[in-house]
Engineer: 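What follows is a single structure, and I will ask about it in a moment.
Note that the numbering runs from 1 along the sequence shown for the chain.
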Amino acid sequence: MTPSECLKTRRSIRRFTTQAVPHEVLKDIVETASYSPSWKHTQIVRYIAVENTALKTKIADECTDMYKNNGEIIKGAPMLIAVTMIKNRSGYERDGSFSTPKGTGWQMYDAGIASMAFCLAAWERGIGSVILGLFDEKKTSSLLQISEERELAALIAIGYPYEMPNTPKRKTVEELLSILSE
């Protein structure tokens, strides 16, 4: 699959089969995603894979009140990936000062790049995914026992797709692109 094919065919998958994601496939996905770019090659993103049904159910039931559908997605996925970041590295200099006016926001940029790389690497291997952003971050972090040095950026439900959603309408290139020339 070419990168273009991967980007154009990947969809957010919200329903999965019960087939488990093999650990070797997961390791291959993470290894591929590790090549995503990051601020000064800091590689701050770390992944936590949750297969434990009781823990996934607890996260789904207790951490998705603001959008209950995310809870159903989590319960239906054979695996939940917590995307975490090491705090105070991305966007910083060694002396602790910021290199960018984005401040701490740059770490989310790096986490977003890594998350998309993860999803594309998964799709290349036939694994569907959906990035979830609506959840109780504090409670989820506590349930996952995420250390103080790290911050939870997103959750990604992954598994083999139960069905393929239709391609959503895309904006035209003219809507998306401005070219400034002489």
Side-chain angles (χ1 to χ4, degrees), residues 1-37 43-85 108 110-146 150-171:
M1 179 180 302
T2 67
S4 184
E5 289 169 332
C6 198
L7 278 165
K8 288 180 178 180
T9 61
R10 186 210 163 265
R11 300 284 168 269
S12 289
I13 303 298
R14 293 175 175 86
R15 291 183 64 202
F16 305 93
T17 69
T18 56
Q19 183 179 350
V21 175
H23 291 182
E24 288 307 311
V25 173
L26 176 63
K27 289 175 183 178
D28 191 42
I29 291 166
V30 170
E31 191 269 334
T32 299
S34 76
Y35 283 84
S36 65
Q43 296 184 297
I44 62 165
V45 173
R46 302 293 185 270
Y47 305 95
I48 301 169
V50 181
E51 293 177 310
N52 180 293
T53 302
L55 181 54
K56 284 191 308 155
T57 300
K58 194 168 183 74
I59 292 168
D61 290 344
E62 297 179 18
C63 303
T64 62
D65 286 343
M66 68 281 300
Y67 190 64
K68 288 289 189 188
N69 194 44
N70 281 351
E72 295 308 310
I73 293 168
I74 291 168
K75 286 179 186 177
M79 186 177 284
L80 182 66
I81 304 295
V83 180
T84 71
M85 352 173 239
M108 283 300 286
D110 280 358
I113 294 169
S115 294
M116 191 63 205
F118 180 96
C119 291
L120 291 172
W123 184 241
E124 181 183 35
R125 289 152 184 85
I127 307 291
S129 62
V130 62
I131 299 172
L132 306 172
L134 291 173
F135 58 90
D136 183 326
E137 183 180 332
K138 187 174 181 180
K139 177 112 184 187
T140 305
S141 295
S142 176
L143 290 172
L144 294 174
Q145 299 177 7
I146 296 172
R150 289 164 55 179
E151 183 177 338
L152 181 59
L155 298 174
I156 305 176
I158 68 169
Y160 291 93
Y162 178 79
E163 61 191 0
M164 274 303 292
N166 293 327
T167 304
K169 186 177 185 300
R170 300 291 185 212
K171 295 187 184 304

Engineer: Would you please say whether a donor-acceptor pair under 3.5 Å links the side chains of Ser129 and Trp123?
Structural biologist: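 Side chains of Ser129 and Trp123: no pair found under 3.5 Å.
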Engineer: Between Ile74 and Leu155, is there a side-chain heavy-atom distance shorter than 4.5 Å?
Structural biologist: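 A side-chain contact under 4.5 Å exists here.
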Engineer: Taking Lys56 for its side chain and Ala77 for its backbone only, find out whether a donor-acceptor pair lies under 3.5 Å.
Structural biologist: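 Pair found, side chain donor or acceptor close to backbone of Ala77.
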Engineer: About how many Å separate CD of Gln43 and OG of Ser36, when rounded to the nearest 0.5 Å?
Structural biologist: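 Those atoms lie 7.5 Å apart.
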Engineer: Measuring only between side-chain heavy atoms, which start at C-beta, is Gln19 closer than 4.5 Å to Pro78?
Structural biologist: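 Answer no - side chains too far apart.
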Engineer: Go through the steps to decide whether Glu5 and Lys8 satisfy the test salt bridge (Lys or Arg N to Asp or Glu O under 4.0 Å), and finish with yes or no.
Structural biologist: CA-CA 5 Å; Glu5 289 169 332; Lys8 288 180 178 180; over 6 Å; no
Engineer: Walk me through whether Met85 and Asp110 qualify under side chain to side chain contact (heavy atoms under 4.5 Å, CB included).
Structural biologist: CA-CA 9 Å; Met85 352 173 239; Asp110 280 358; over 6 Å; no
Engineer: Can you find a pair of side-chain heavy atoms, one from Ile59 and one from Leu144, that are under 4.5 Å apart?
Structural biologist: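 They are in side-chain contact.
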Engineer: Tell me whether the count of non-hydrogen atoms from other residues, nucleotides or ligands lying under 6.0 Å of NZ in Lys75 goes above 12.
Structural biologist: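 Yes.
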Engineer: Can you name the closest pair of heavy atoms from Met66 and Asp136 and give their distance?
Structural biologist: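 Taking Met66 first and Asp136 second, the nearest heavy atoms are CE-N, 3.8 Å.
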Engineer: OG1 of Thr53 to CG of Leu80: how many Å apart, nearest 0.5 Å?
Structural biologist: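 Rounded to the nearest 0.5 Å, the OG1-CG separation comes to 11.5 Å.
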Engineer: Hey, are the side chains of Glu163 and Arg11 touching, using non-hydrogen atoms and a 4.5 Å cut-off?
Structural biologist: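 They are not in contact (no side-chain heavy atoms under 4.5 Å apart), so the answer is no.
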Engineer: Find out whether Val50 and Leu55 are in side-chain contact, i.e. whether some heavy atom of one side chain is under 4.5 Å from a heavy atom of the other.
Structural biologist: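 They are in contact (side-chain heavy atoms under 4.5 Å apart), so the answer is yes.
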Engineer: Would you say Thr84 and Arg46 are linked by a side-chain donor-acceptor pair, where the criterion is simply a distance under 3.5 Å?
Structural biologist: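 Per modelled atom types, Arg46 and Thr84 side chains form no pair under 3.5 Å.
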Engineer: Might you work through the side chain to side chain contact (heavy atoms under 4.5 Å, CB included) test for Ile146 and Ile48, ending with a clear yes or no?
Structural biologist: CA-CA 9 Å; Ile146 296 172; Ile48 301 169; 3.9 Å; yes
Engineer: Is a side-chain donor or acceptor of Glu62 paired with a backbone partner of Lys139 at a separation under 3.5 angstrom?
Structural biologist: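 Between the backbone of Lys139 and the side chain of Glu62 there is no qualifying donor-acceptor contact (under 3.5 Å).
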Engineer: Give the C-alpha distance, both sets of side-chain angles, the deciding distance and a yes or no for side chain to side chain donor-acceptor pair (under 3.5 Å) between Thr32 and Arg125.
Structural biologist: CA-CA 11 Å; Thr32 299; Arg125 289 152 184 85; 2.9 Å; yes
Engineer: Would you sort out whether Ser12 and Ile131 count as a side chain to side chain contact (heavy atoms under 4.5 Å, CB included), showing the intermediate values?
Structural biologist: CA-CA 8 Å; Ser12 289; Ile131 299 172; over 6 Å; no
Engineer: Compute the centroid of each ring, for Phe118 and then for Tyr47, and state whether the two points are separated by less than 6.0 Å.
Structural biologist: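 Between Phe118 and Tyr47, the centre distance is under 6.0 Å.
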Engineer: Do Ile113 and Pro37 touch side chain to side chain, with heavy atoms closer than 4.5 Å?
Structural biologist: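 Yes, their side chains come closer than 4.5 Å.
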Engineer: Would you find a donor on one side and an acceptor on the other, under 3.5 Å apart, between the side chain of Asn70 and the backbone of Leu134?
Structural biologist: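 Pair found, side chain donor or acceptor close to backbone of Leu134.
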Engineer: Please report the C-alpha distance between Val83 and Leu152 in whole Å, then the side-chain angles of each, then the deciding distance to 0.1 Å, and finally whether the side chain to side chain contact (heavy atoms under 4.5 Å, CB included) criterion is met.
Structural biologist: CA-CA 6 Å; Val83 180; Leu152 181 59; 5.7 Å; no
Engineer: Is there side-chain contact between Pro165 and Arg15, with at least one heavy-atom pair below 4.5 Å?
Structural biologist: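 When only atoms from C-beta onward are counted, Arg15 and Pro165 do not touch, as no gap falls below 4.5 Å.
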Engineer: Could you check whether atom CD of Glu31 has more than 12 heavy atoms from other residues, nucleotides or ligands sitting under 6.0 Å from it?
Structural biologist: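 More than 12 within 6.0 Å, yes.
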Engineer: Is there a donor-acceptor pair closer than 3.5 Å between any side-chain N or O of Ser142 and the backbone N or O of Lys138?
Structural biologist: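 Between the backbone of Lys138 and the side chain of Ser142 there is no qualifying donor-acceptor contact (under 3.5 Å).
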Engineer: Which distance, rounded to the nearest 0.5 Å, do you find between the CE of Met1 and the CD of Glu124?
Structural biologist: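 Reported value, rounded in 0.5 Å steps: 7.0 Å.
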Engineer: Give the C-alpha distance, both sets of side-chain angles, the deciding distance and a yes or no for salt bridge (Lys or Arg N to Asp or Glu O under 4.0 Å) between Lys68 and Asp65.
Structural biologist: CA-CA 6 Å; Lys68 288 289 189 188; Asp65 286 343; 2.8 Å; yes
Engineer: State whether the side chain of Thr140 and the backbone N or O of Glu137 hold a donor-acceptor pair below 3.5 Å, judged by distance alone.
Structural biologist: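 Looks like no, no N/O pair under 3.5 Å.
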Engineer: With a 4.5 Å heavy-atom cut-off, do Glu72 and Arg14 have their side chains touching?
Structural biologist: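 No - every pair of side-chain heavy atoms lies 4.5 Å or more apart.
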